[in-house]
Number of protein chains: 2
Amino acid sequence: MNHLAALKPLEDTTIRGRTVEQLRRLVVTGELAAGMRLTETELADALGISRGPLREAIRELVDIGLLVSKPYKGLFVREITRKDLEEIYSLRTMLERFAFQEAWEKRTPEALEDLKARNKKLIGSIEAATDPLGPIEAELHLHSWCYELSGHRLLLQSWNRLKPNLQFYFAMHQQAHERKGPKRRSHDLYIRLASGNDLGAMLDHLNDHMRQGLETTIGFIDCA
Amino acid sequence: MNHLAALKPLEDTTIRGRTVEQLRRLVVTGELAAGMRLTETELADALGISRGPLREAIRELVDIGLLVSKPYKGLFVREITRKDLEEIYSLRTMLERFAFQEAWEKRTPEALEDLKARNKKLIGSIEAATDPLGPIEAELHLHSWCYELSGHRLLLQSWNRLKPNLQFYFAMHQQAHERKGPKRRSHDLYIRLASGNDLGAMLDHLNDHMRQGLETTIGFIDCA
DNA sequence: AATTGTCTGATTGTCAACAATCTGGCTCCC
DNA sequence: GGGAGCCAGATTGTTGACAATCAGACAATT
C-alpha cells in the first residue's frame, strides 16, 4: 500500500469505451430485456452518438456473446438456453480449477488477506441490500482472485470474456426469483480451502461449488 | 456425404470480413514481421479501403491478440515471448483435454473416419511440400476435430480464438528453422488413442504431446 | 541536472451522408 | 396452390472530411 492508493482509474474517455460499458450494464442488468430487438440507427439516436463508434462497441459485445447480430434484421439481446448455461458452467469449472492449480504456489499472506477482504466485501454487499446487482459483482470479484493470482494472462482474459455472461445470467435469475441473491456464508468453505494446504480438496470443492450453482439456478429455464 | 458436398462456402462479401482474413494471413505467415509498426491510414491506403471497416477488422485482430494497439503511436504486429508461449500451450492442453472428455462418448464410426481423413490430409500436405503453411493448417484442422465433436460451442469458440496464435507461432518457428514442419507420423499415437477405449491414456498422451510440442519449439525464443 | 511547460506533426476518434444489400410481402404465372 | 420474380422499406456497409488527442522534442524554469 503506497500513498497513491486513493487514486481511482479515470473513466474511459472514448465514446466507444463508454458505450461498451453502458450497453454491457444495460444488458447485464436486464434493463434491455433478453430477446429485445435493436437497430444501429435507433441506438445511435438514443445514445446521441454516431454509428461509427457505436458499431465498434456493438461488435465487441457481439464477440463476447451479449448481443446477437442478425444482418439486415437487427440486433438482439442474447437469450439463454439451458445448454448455454451448462456450457458456461462447465467451461468455468475447468478454467477455475486450472487457475487454482496455477495460483496455488503463488499464494502469499498478502494474497490471502486480499481474498478474505473480497469475501468481506461480498458479505457487506449482501447485508447492505441496496443495489441488487452489488452482490453479483462482489461475488465475481471474489472469484477473479484466483485468476489474477495465477499470473496467467491468457487465462485471465478467458475469464473476463466469460464473466459478463455469468453476470447476465445471475441478474436474469435474480429478477425471476424476486431478487434473492447469493447467501451470506456461501463462500466460507471456498475461502477456507483456498487458504489451506490441500489443493485436491480445493479442486473437488470447485466441482461441487459450480455444480451446485448450476443446479440451484437452472430450474427456471424452460428452453431446450 | 450428400450431393451438395461440392458446394464451397462463399467468400466473405464485406470489406471488413475480407480484411480480417487478409490481415490474419499476413500476420500469421510472417509477411508482416513481428514487431512491425503499422498505422490505420497507411494500411487503409495500402488496402485501398477506407478506415471505417479497417478499424473494425483491426479491432478483431487486436482482440484475438494478433495485433497490439498503442493509441496514438501505432499498431504493432504481436511479438511472442517465452511466457506467451507457455501460456498458449498450457491453456491449450487444458482445453483439449476437456474437449476429449466431452467428445469421448460422442465418437461414432463416421467421426473416427473423419479424424483419420484429417490425418491423411495432414500427411498428404507434408509430402506435397508445396505450400509451407499447408501442414500447419492441416495439423490445426486435425486438432479441431475433438472440439467440433464435443458440441460445446463455447469451448469451440475458445479454441478458435487460440488457434491463430498457435498458427502465428508455428509459422514463425518454421521460418526460423528453415521450413521444417511437422513430421509425417507425429500424430499416429494421437489417432490411435483417440480411436481406442482408454480415455485416461488419451488424456495422458495429450499432456505429453503438448509438452513435447512446447519443448521442441521453445528453443529459439530468447526473450524473457 | 531535473522537472515542468509548450509546441507540432502524427495518429486516432468521430461524424453525417451515401451506397449496397437484404427481408418480407406482393403479384403473376404456371 | 405454389413457386419465381419483383418491389419498397428497412438495415447495414462504406466513405471522406473534420475534430480531438497524444507522444516526443525542445525550451524554460528551478
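Convention: sequence-line order gives letters A, B, ...; per-chain numbering from 1.
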Salt bridge (Lys or Arg N to Asp or Glu O under 4.0 Å), that's the test. Do Arg161(B) and Asp63(A) meet it? Break it down for me. CA-CA 11 Å; Arg161(B) 284 175 58 83; Asp63(A) 196 51; 3.6 Å; yes
With sequence neighbours excluded, what pairs up with Glu96(B) under the salt bridge (Lys or Arg N to Asp or Glu O under 4.0 Å) test? Arg92(B)
Name the pairs: protein N/O against N/O of nucleotides 12-16 of chain C, kept only if under 3.5 Å.
from, atom 1, to, atom 2, distance (Å)
dT12(C), OP2, Glu40(B), N, 3.1
dG13(C), OP2, Arg55(B), NH1, 2.7
dG13(C), OP2, Arg55(B), NH2, 3.0
dG13(C), N7, Arg51(B), NH2, 2.9
dG13(C), O6, Arg51(B), NH1, 2.9
dT14(C), OP1, Ile15(A), N, 2.5
dC15(C), OP2, Ser50(A), N, 3.0
dC15(C), OP2, Ser50(A), OG, 3.0
dC15(C), O5', Ser50(A), OG, 3.4

Applying side-chain contact (heavy atoms from CB on, under 4.5 Å), name anything that partners Thr108(B), two or more places apart in sequence or on another chain. Glu110(B), Ala111(B)
Just how far, in rounded Å, is C1' of dA10(C) from CG of Leu43(B)? 15 Å
Protein-nucleotide distance (Leu54(A), atom CG; dT14(D), atom P), rounded to Å: 16 Å
For the residue pair Trp159(B) and Leu166(B), establish whether any side-chain heavy-atom pair is separated by less than 4.5 Å. yes
In short, Ala44(A) meets Ser50(A) closest at the heavy-atom pair CB-C, 4.3 Å
